[in-house]
> 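One structure follows; several queries about it will come next.
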Amino acid sequence: MSDIIDEVISSFKVSNIFINRDYLMPDYIPEELPHREDQIRKIAGILAPLYRGERPNNIFIYGLTGTGKTAVSKFVLSNLYKKFPNKFKYVYVNTRQTDTPYRVLADLLEALGVKVPFTGLSIAELYRRLVKAIKEYSLQVVIVLDEIDAFVKKYNDDILYRLSRINSEISKGKVSFIGITNDVKFVDSLDPRVKSSLSEEEIVFPPYNAEELEDILRKRAQMALKPGVLSDSVIRLCAALAAREHGDARRALDLLRVSAEIAERLRDSTVKEEYVYMAKDEIERDRVRDIILTLPFHSKLVLAAIVAKLLEEKNAVLTTGNVYEAYLSISKKLGIEAITQRRVSDILNELDMVGLLTARVVNRGRYGKTKEISLAVDKNIIIKTLTESDNRFADLWG
DNA sequence: CCTCCACTGGAAACTGCGGCAT
DNA sequence: ATGCCGCAGTTTCCAGTGGAGG
């Protein structure tokens, strides 16, 4: 009995591909960040006043996904902190994960050593406590707000406005902000007061080109993978595929990692080029799966309605009204109370946003204005995942 | 040039839940 | 015990809107 388990464990432990898979994980921050030297120098320069206990300027960082914004920010801060831990304190908040005003403030307080209930208080109360905490705190505080564009889009710039005013509520300036955003146009949509206060310094992260991506991959692969499992052509392929999508380093690393995982799963001793293509599909499938599984119930229902409509009528032109009809018939079939068309219209926009479908607004003259909707992913994956997530969907299709 | 379709998308408010302060 | 809070998903109401067909 136990030798079976030993066997399983040892085959799991002894990898013929990986030395340490962690070096290819998206949240790993390496010792060096190739091709980001300029940005590191600039940010470190702006933050240098921390050393004299003075308040650095606020920074706004722009760049597309996977251009190293988060990694560089964390890298500079943690290295500065290692050099003089008694001069300042920094807090990192990803506002996509921590995605409500309450939780953002609660996280900031937590990091300053103030524990707050995870619900129940008013936002105003949290601000009060935050200002008090900062006032009483003896050091400079640097607050990193990652992906604030998404946050501000869903709520508004109220938090930013109030946060940016904290310094004026305290006699002496003690808080600096680093705002990180994927959306270059985002800053223009801000309240001018917030804008001028928060973007005292601006830093742009350009996308990596294919050569730079290769370089990054090569360095990571050296640490993560055993020598000889990876050929140059595989690295070039991963880099090229990622470069095609605006030079996204995270995507490149994901491709490489998953390709290597496939090689391991197949008990191969080298990563073949075909595994990279398999990895690409697998990443896409997992992404779609994760999105669908976390969808609210009625969003799933809307998705099911679209697929059902497409199954019964191959070349159906899908419009909002159209989809709503299909939605009504499905919810009736399942005995579920239907939501309004207004809400379904928003759900369609949401499904568009997460990339499951494309909904573009068209004007069809005499025949009105509506959204034309088409699926952006393979409908078999949708059917499979919907059925898996809730067996009520099972008998909607043959 | 005007009409009028089939919606769009903004705004406000509601519901129901979990949970705090007092 | 009471009342107020945040939040997600939703309803209700409604003032637009671009262009095919007259």
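Residue numbers begin at 1 in each chain, while the letters A, B, ... track the order of the sequences.
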> Could you tell me how far apart Arg343(A) (CZ) and dC14(B) (P) are, to the nearest whole angstrom?
18 Å

> With no hydrogens and no angle check, just 3.5 Å: does a side-chain donor-acceptor pair link Glu273(A) and Ser233(A)?
yes

> So, Ser331(A) versus Lys333(A): side-chain donor-acceptor pair below 3.5 Å or not?
no

> Within this structure, what is the CZ-to-C1' distance between Arg342(A) and dA12(B), rounded to whole angstrom?
12 Å

> Is it the case that Asn58(A) and Glu201(A) place a side-chain donor and acceptor less than 3.5 Å from each other?
no

> Between Lys384(A) and Glu388(A), is the closest basic N to carboxylate O distance under 4.0 Å?
no

> Assess, by modelled atom type and distance only, whether the side chains of His246(A) and Thr67(A) contain a donor and an acceptor separated by less than 3.5 Å.
no

> Between which nucleotides of DNA chain C, 5' to 3', does chain A make heavy-atom contacts below 4.0 Å?
dC5(C) to dG21(C)

> For Asn322(A) and for Pro117(A), find the nucleotide of DNA chain B with the closest heavy atom, then tell me which residue's nucleotide is more 5'.
Asn322(A)

> List the steps, then state whether side chain to side chain donor-acceptor pair (under 3.5 Å) holds for Gln140(A) with Ser176(A).
CA-CA 8 Å; Gln140(A) 289 285 326; Ser176(A) 308; 4.7 Å; no

> Counting only side-chain N and O atoms of Thr320(A), is one of them less than 4.0 Å from OP1 or OP2 of dT8(B)?
yes

> To the nearest 10°, let me know how far the axis at one end of the helix from dC1(B)-dG22(C) to dT22(B)-dA1(C) is tilted from the axis at the other, five pairs an end.
20°

> With sugar-phosphate meaning primed atoms plus P, OP1 and OP2, does Ala338(A) contact a base, only sugar-phosphate, or nothing at under 4.0 Å between heavy atoms?
sugar-phosphate

> Whether Lys371(A) contacts dT8(B) is assessed here as follows: a side-chain N or O lying under 4.0 Å from the phosphate OP1 or OP2. Is that the case?
yes

> Heavy atoms within less than 4.0 Å of DNA chain B: which residues of residues 351-369 of chain A have one? Give them sorted by number.
Val361(A), Gly365(A), Arg366(A), Tyr367(A), Gly368(A), Lys369(A)

> How would you label the contact of Tyr155(A) with the nucleic acid (heavy atoms, under 4.0 Å): base, sugar-phosphate, or nothing?
sugar-phosphate

> Any carboxylate oxygen within less than 4.0 angstrom of a Lys/Arg side-chain nitrogen, looking at Glu372(A) and Arg360(A)?
yes

> So what does Asn349(A) touch, heavy atoms closer than 4.0 Å: a base, only the sugar-phosphate, or nothing?
sugar-phosphate

> Please state how far atom CG in Asp346(A) lies from atom C1' in dA12(B), giving the value in whole angstrom units.
14 Å

> Regarding Asp281(A) and Arg285(A), does a basic nitrogen lie under 4.0 Å from an acidic carboxylate oxygen?
no

> Does Gln341(A) reach a base, just sugar-phosphate, or nothing at all? Heavy atoms under 4.0 Å.
sugar-phosphate

> Once you apply a heavy-atom cut-off of 4.0 Å, does Thr119(A) come out as touching a base, just sugar-phosphate, or nothing?
base

> Rounded to the nearest Å, what distance is computed from the CG atom of residue Asn156(A) to the P atom of nucleotide dA12(B)?
12 Å

> Strictly below 4.0 Å, N to O, side chains only: are Asp107(A) and Arg103(A) in salt-bridge contact?
no

> Taking the six-membered ring for Trp, are the ring centroids of Tyr62(A) and Phe205(A) within less than 6.0 Å of each other?
no

> Report yes or no: do Ser345(A) and Lys371(A) form a side-chain donor-acceptor pair below 3.5 Å?
yes

